[in-house]
There are 2 protein chains.
Amino acid sequence: MRRVTIRDVADRAGVSLKSVSRVVNHEANVSAKLRARVEAAITSLGYVPDTAARSLAGARFGARSFAIACLFDNPSPNYTIKVQQGVYAACREHGYHLLIESIDCQAEDVEAQMNAILQNARIDGMILTPPTTEHEMVMNMLEARGIPIVRIAPVSFAGRTPAVIIDDAAAAGEVARHFRALGHSHFGIINGPIEHGAAGTRRTGFIEALGRADCAEATGGFLFAGGIEAAYKLLRRDARPTAIFATNDDMAAGVYAAANKLGLKVPQDVSVIGFDDSWTATCVWPGLTTIYQPITEMAHEAARLLIMRESPREDVVMAYHLVERASTAPPALAARGPVGVRTL
Amino acid sequence: MRRVTIRDVADRAGVSLKSVSRVVNHEANVSAKLRARVEAAITSLGYVPDTAARSLAGARFGARSFAIACLFDNPSPNYTIKVQQGVYAACREHGYHLLIESIDCQAEDVEAQMNAILQNARIDGMILTPPTTEHEMVMNMLEARGIPIVRIAPVSFAGRTPAVIIDDAAAAGEVARHFRALGHSHFGIINGPIEHGAAGTRRTGFIEALGRADCAEATGGFLFAGGIEAAYKLLRRDARPTAIFATNDDMAAGVYAAANKLGLKVPQDVSVIGFDDSWTATCVWPGLTTIYQPITEMAHEAARLLIMRESPREDVVMAYHLVERASTAPPALAARGPVGVRTL
DNA sequence: CTTGAAATTGATAGCGCTGTCATGTTAGCG
DNA sequence: CGCTAACATGACAGCGCTATCAATTTCAAG
């Protein structure tokens, strides 16, 4: 079973190779008659252009390879999968393929890692996900090779590449207002790692919206285990917070675990709000109130921009919203106090 | 900045194109002297072979494209990510790229979906993950196009393709023995979907190892939500099981949620064992006793087989083990009975 | 009808690489 | 020292496609 080539189509349609090529590539100046004839031949033969030949032939002129790559350095399966789903959907819609690459941004040899990835990668563009979005050398290298970039939720280097974002600060502010509306006045926040751009934005947004209210801070690295540790610190303070904003859902799950160990109940003793509305949020008990972030849609849009070769000068801003589940309630009337010491 | 081609290397080394090609491809019959010269030229020029040209040139002979694809139809992020990590690591080790594809096995148009994927995919092989492993048409189409396959944890069509597996039945048996060793005598199992091969294997292994003991069954579709439903059914029976085997961790998390709602405590009122040792297992409270499955290693091995073009006739069997955490304990001495009706 | 410009189509030359096959080169052996 | 076999190297065609540029057709205006 030989491969159907452009020549077969040309023969069948009784036209030249170049005419078929024109039809396939939707070039201008092709008569309707010829187009129809070629398209019929293509269909009847089941012709599909060969990607390798296409990129080879166009090598000089920067031909498309019909594949884009997505770069990760993210420990969170939930986030990663959502991004992949969105990017993959866009790829399928446009006949593209999706390559997955990942690096360790913390390592010394980021340059070598990127070289290994880019060596013979024929890709039409690369989507950067946090925290690779904040790494300048990655962008430098991509730009040097003329590979278009779209960043998802970047914080630094604003405007340097097209980007798809949500307003993290505003979302965090909404968390703060939700807590206050419930009557809370003692707050805690569990921050992500500083190098992760959005971590800082969420923190600022939350604290500013809190105004002068008391807010204890701890850091959890965006990881479940880190969330437990951080929650311990917060929940054992003398002035125990009754409302904790975990800046992602995984860490919020950590708050549950810590609360459990300390004999505290969610939401009676402590209200928790997460961020992401990931799979975790519905898989914990009680269901986690959290900020829904349209990760899949953001990723889809990022891929679409790359594939359509659009590069909007303004960031594409997408909508978030607060999802209320069962992890938030008014503060208990009972006297609060440090736990694990004299209570319960 | 022009691309460094094989011609540049040949000129620099003062040899023919073909000689460079020989060195690059590690072909036999190349003198050490020539090889050294060529390698020096390659290094100094920073030459990297062009993938597109390579596959084009070898098109007739089934040249390599230096990329493999991994096919998913799996709702579980935890599983998917682990597989990807393993496959990706193997790819990086060998200078390969990883393509991600996914289909909906339940849909009518699997053939069309696969066609869309395979259209112009230049891949050296495809890794099938459950449940795509059980879909005969997928294998047919791949084989028709001469694309090598390796399956991860297949159940049907044994021996048809190289495969990397664990002994699911034996693992499930170990779960049963663990429960019995703790003194349990009333069991429950939450099964995965039948089309998911391993679901059946785990069930059989568990029930057989239980011998004549009482075992209630329910189905949870390998999903958290399904696990809750199934656990409800099991825990509200008159003869409430004190030990439940959830055939994956997500459903085990569902058991926790159901138990919580019914006012039952894990492990005091009900012991739970999961399967996978996924991220979930350490993220629930109390920590979930589960079967560790070396998913990442299995995926790594599958990718290695594909890349090295090995096709062992025997399945590659990898080791599992039971990880004991805090979700298992001897059955409570207190009288059992249906819950939500007259107890607690 | 011409005529020239615009629109349409085709012939050809590579893109960078690898397989075939032909041409050296060396070693082995009588 | 000659002759063959085995090894080492090179010349060249062509993989499937696209860009260039030349050839042809079309069509409105004169």
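To find a chain, count down the sequence lines: A is the first, B the second, and so on, and within it residues start at 1.
- In this structure, A:Ile6 places its CD1 atom 19 Å from P of D:dG14, rounding to the nearest Å.
- Taking atom CG of residue A:Asp8 and atom C1' of nucleotide D:dC15, one finds them 13 Å apart after rounding to whole Å.
- Expressed to the nearest 0.5 Å, how far OG of A:Ser311 lies from CG of A:Leu306 amounts to 10.0 Å.
- With distances taken from any side-chain atom of A:Ala57 to the nucleotides C:dT18, C:dG14, C:dC17, the minimum falls on C:dG14.
- A salt bridge does not link A:Glu27 to A:Arg35: none of the charged nitrogens lies less than 4.0 Å from a carboxylate oxygen.
- One distance of note links CG of A:Asp73 with OG of A:Ser102; it measures 7.0 Å at 0.5 Å rounding.
- The distance between atom CG of A:Leu56 and atom P of D:dG14, rounded to the nearest whole Å, is 17 Å.
- The separation between A:Arg54 atom CZ and D:dC17 atom P is 8 Å, rounded to whole Å.
- When only modelled atom types and interatomic distance are considered, B:Gln85 and B:His300 share no side-chain donor-acceptor pair under 3.5 Å.
- Atom CG in B:Leu45 sits roughly 15 Å away from atom C1' in C:dG16 (whole-Å rounding).
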Verdict with reasoning, A:Glu310 to A:Arg304, per salt bridge (Lys or Arg N to Asp or Glu O under 4.0 Å): CA-CA 8 Å; A:Glu310 291 175 17; A:Arg304 199 191 62 78; 3.3 Å; yes
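- Atoms CG (B:Asp11) and P (C:dC17) sit 13 Å apart, rounded to a whole Å.
- Considering every non-hydrogen atom in both B:Pro154 and B:Glu134, the closest pair reads CA-OE2, 3.4 Å.
- A salt bridge is defined here as a Lys NZ or Arg NE, NH1 or NH2 lying under 4.0 Å from an Asp or Glu carboxylate O, and A:Glu136 with A:Arg160 meets this definition.
- In this model, a donor atom of one side chain and an acceptor atom of the other lie less than 3.5 Å apart for A:Glu101 and B:His97.
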Tabulated below should be each protein N or O lying under 3.5 Å from an N or O of nucleotides 4-10 of chain C; please produce it.
from   : atom 1 : to      : atom 2 : distance (Å)
C:dT8  : OP2    : A:Asn29 : OD1    : 3.2
C:dT9  : OP1    : A:Ser31 : OG     : 2.7
C:dT9  : OP2    : A:Ser31 : N      : 3.0
C:dT9  : OP2    : A:Ser31 : OG     : 3.3
C:dT9  : O4     : A:Arg22 : NH2    : 3.4
C:dG10 : OP2    : A:Ser16 : N      : 2.9
C:dG10 : OP2    : A:Ser16 : OG     : 3.2
C:dG10 : OP2    : A:Ser19 : OG     : 2.6
C:dG10 : O6     : A:Arg22 : NH2    : 2.9

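- Regarding A:Asp50, its CG atom lies at a distance of 6 Å from the C1' atom of D:dG16, rounded to whole Å.
- For the helix from C:dC1-D:dG30 to C:dG30-D:dC1, the angle separating the two terminal helix axes comes to 40°, with each axis derived from five pairs and the value rounded to 10°.
- Heavy atoms only, all atoms of each residue included: A:Ile6 and A:Tyr47 are closest at N-CE1, 3.5 Å.
- Look at CZ on B:Arg7: it is 12 Å from C1' on D:dG10, rounded to the nearest Å.
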